[in-house]
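These numbers come from a predicted model, not from an experiment.
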Amino acid sequence: IILIDNPLLLIKFRKSGIPTLLVNGLMSKGMENLESNRCPTLNSKRNSLFQYYKYYDLLGVQNEIDKDNFTKRGVCSDKIFVTGNMKADFNDIVVSEEEKWFLRNQLGMVDEHIILVAGSIHLNEEKLLAETFLSIRKVLPAFRLVIVPRFMAELESIEKALDGYSLTHLRKTEMFSLQKKPKHFDAIVVDTFGELKRLYSVGDYIYMGGSSQKKHPDAFGSHNILEPLVYKKPIFFGPYLYLYKEITDCLEKAWPGLRIKNSDELANGIIYLHSHTGVVKAIYDASFEIIKENIHSFNHNVELASRLLN
């Protein structure tokens, strides 16, 4: 049951003796303190909701940061347990090597192509990607873009912007329908749904869409960083990736250049990593540790529910 829109149910459950459990709880930096909240449109709603968290019998939260922030909002720490991130259930994400090369072929990519997959981008982020491409192409001619818009309604606007930078591009469905794949193109724009989790596997580098623009309501959290993380590739993200702080902190410890402010930093970061395999290995190791910490989250939450029911 999702109680966020009707928190009064928590009080009714408490009075009726019905146990309640919060699963995959999240209260990361910027959410626990309304005065410094970077998403002010949600402040008034959250202010009224915070008082209800204390009515949960137990809370399963994603990490120690969340536990600390729930405690600061008045929840008893004895009721809070760190169970990991439920989105780290990778059973339906992992792609085999065979499938990865099949996907690359669908996109018209060959072995020598160096691919940046930009997942779930918002309008105007294609400009950042186009400028990045133009800078990298001078150094790495085999560089290619795979752009996955968050909203299909923005597809034509994104393509028009790419035209403005003189980038040659095809839609994924167009490329798939061609028996003979073109040798010369700069970008593939994905115009299909439900494939992003697997498309991340074809990338040598990943960009987290929604993380460079503050104005979008759901840019507060951006896309789920755990989806590309499973492939242990370098993941670049902008300054507005507020959620997943524990994960981004860990990745930045491996290499601070993963957080970027503009196209120059993104281009320079990719060029640098292409010739520094030791740094890429450090990012790989950090990603592996994050996955290892979260992969049993589902079982931890089941154990917590069993504890509550017993």
Side-chain angles (χ1 to χ4, degrees), residues 28-29 62-65 84-85 87-88 90 93-97 100 103-104 109 111-121 125 128-129 132-133 135-136 139-140 142-148 196-212 221-295 297:
S28 293
K29 184 177 181 180
Q62 295 183 15
N63 55 57
E64 291 292 342
I65 296 173
N85 193 326
K87 290 186 177 181
F90 301 122
I93 298 179
V94 179
V95 170
S96 67
E97 280 294 307
K100 182 183 80 173
L103 290 170
R104 285 179 69 105
M109 303 295 179
D111 290 358
E112 60 264 26
H113 283 154
I114 303 162
I115 304 172
L116 170 65
V117 176
S120 197
I121 73 161
E125 284 188 303
L128 178 145
L129 296 169
T132 297
F133 176 86
S135 297
I136 293 177
V139 182
L140 303 172
F143 185 70
R144 298 290 186 272
L145 291 173
V146 174
I147 299 174
V148 186
L196 182 54
K197 290 180 181 180
R198 284 172 163 73
L199 285 176
Y200 279 132
S201 69
V202 309
D204 300 288
Y205 306 98
I206 309 296
Y207 171 74
M208 293 301 299
S211 64
S212 68
S222 185
H223 191 64
N224 177 12
I225 197 171
L226 285 161
E227 289 181 2
L229 189 74
V230 67
Y231 300 110
K232 309 177 193 71
K233 306 289 181 63
I235 302 172
F236 291 90
F237 45 89
Y240 302 112
L241 184 61
Y242 302 138
L243 303 185
Y244 311 106
K245 184 180 186 305
E246 193 170 61
I247 293 174
T248 54
D249 283 352
C250 183
L251 293 175
E252 286 187 273
K253 284 180 183 178
W255 190 57
L258 293 173
R259 186 183 293 274
I260 56 98
K261 299 186 187 73
N262 50 51
S263 60
D264 287 339
E265 291 186 355
L266 180 54
N268 291 336
I270 291 173
I271 292 169
Y272 178 86
L273 291 180
H274 188 69
S275 59
H276 290 77
T277 56
V279 179
V280 175
K281 176 63 165 58
I283 296 170
Y284 176 99
D285 292 341
S287 301
F288 180 82
E289 288 302 316
I290 295 168
I291 292 168
K292 189 169 68 173
E293 289 175 7
N294 285 278
I295 201 166
S297 175

Quiz prompt | I136 and H274: CA distance, side-chain angles, deciding distance, side-chain contact (heavy atoms from CB on, under 4.5 Å) verdict | solution = CA-CA 11 Å; I136 293 177; H274 188 69; over 6 Å; no
Of the non-hydrogen atoms in [X] and [Y], which two are nearest, and what is the gap between them?
X	Y	value
G269	F236	C-CZ, 3.8 Å
N294	N85	OD1-N, 2.9 Å
Y231	V95	OH-CG2, 3.2 Å
S135	A267	CB-CB, 3.7 Å
Y200	M208	OH-SD, 4.4 Å
I225	L251	CD1-CD1, 4.1 Å

For [X], all residues meeting salt bridge (charged side-chain N to carboxylate O under 4.0 Å, His left out), sequence neighbours excluded:
X	answer
R259	E252
E97	K100
K253	none
E289	K292

Quiz item: Taking C-beta and beyond as the side chain, do L116 and L129 meet within less than 4.5 Å on heavy atoms?
Solution: yes
Check: [Y] main-chain N/O paired with [X] side-chain donor or acceptor under 3.5 Å:
X	Y	answer
R104	M109	no
S263	L128	no
S297	G84	yes

Supply the atom-to-atom distance [X] [atom1] to [Y] [atom2], rounded to the nearest 0.5 angstrom.
X	Y	atom1	atom2	result
R144	D204	CZ	CG	12.0 Å
L226	S287	CG	OG	10.5 Å
I114	L145	CD1	CG	12.0 Å
E227	I235	CD	CD1	10.5 Å
H113	F143	NE2	CZ	11.5 Å
L229	Y244	CG	OH	11.0 Å

Run the side chain to side chain contact (heavy atoms under 4.5 Å, CB included) test against [X] and tell me which residues pass, sequence neighbours left out.
X	value
E265	I260, K261, N262
Y272	W255, H276, V279
S96	E98, E99

Set of residues satisfying side chain to side chain donor-acceptor pair (under 3.5 Å) with respect to [X], sequence neighbours excluded:
X	value
D264	none
S201	none
S120	R150
K281	D285

Quiz prompt | Test log, rule side-chain contact (heavy atoms from CB on, under 4.5 Å), inputs K232 and I291 | solution = CA-CA 9 Å; K232 309 177 193 71; I291 292 168; 4.3 Å; yes
Quiz prompt | Partners meeting ring pair (Phe, Tyr, Trp, His ring centres under 6.0 Å) with F288 (sequence neighbours left out) | solution = none
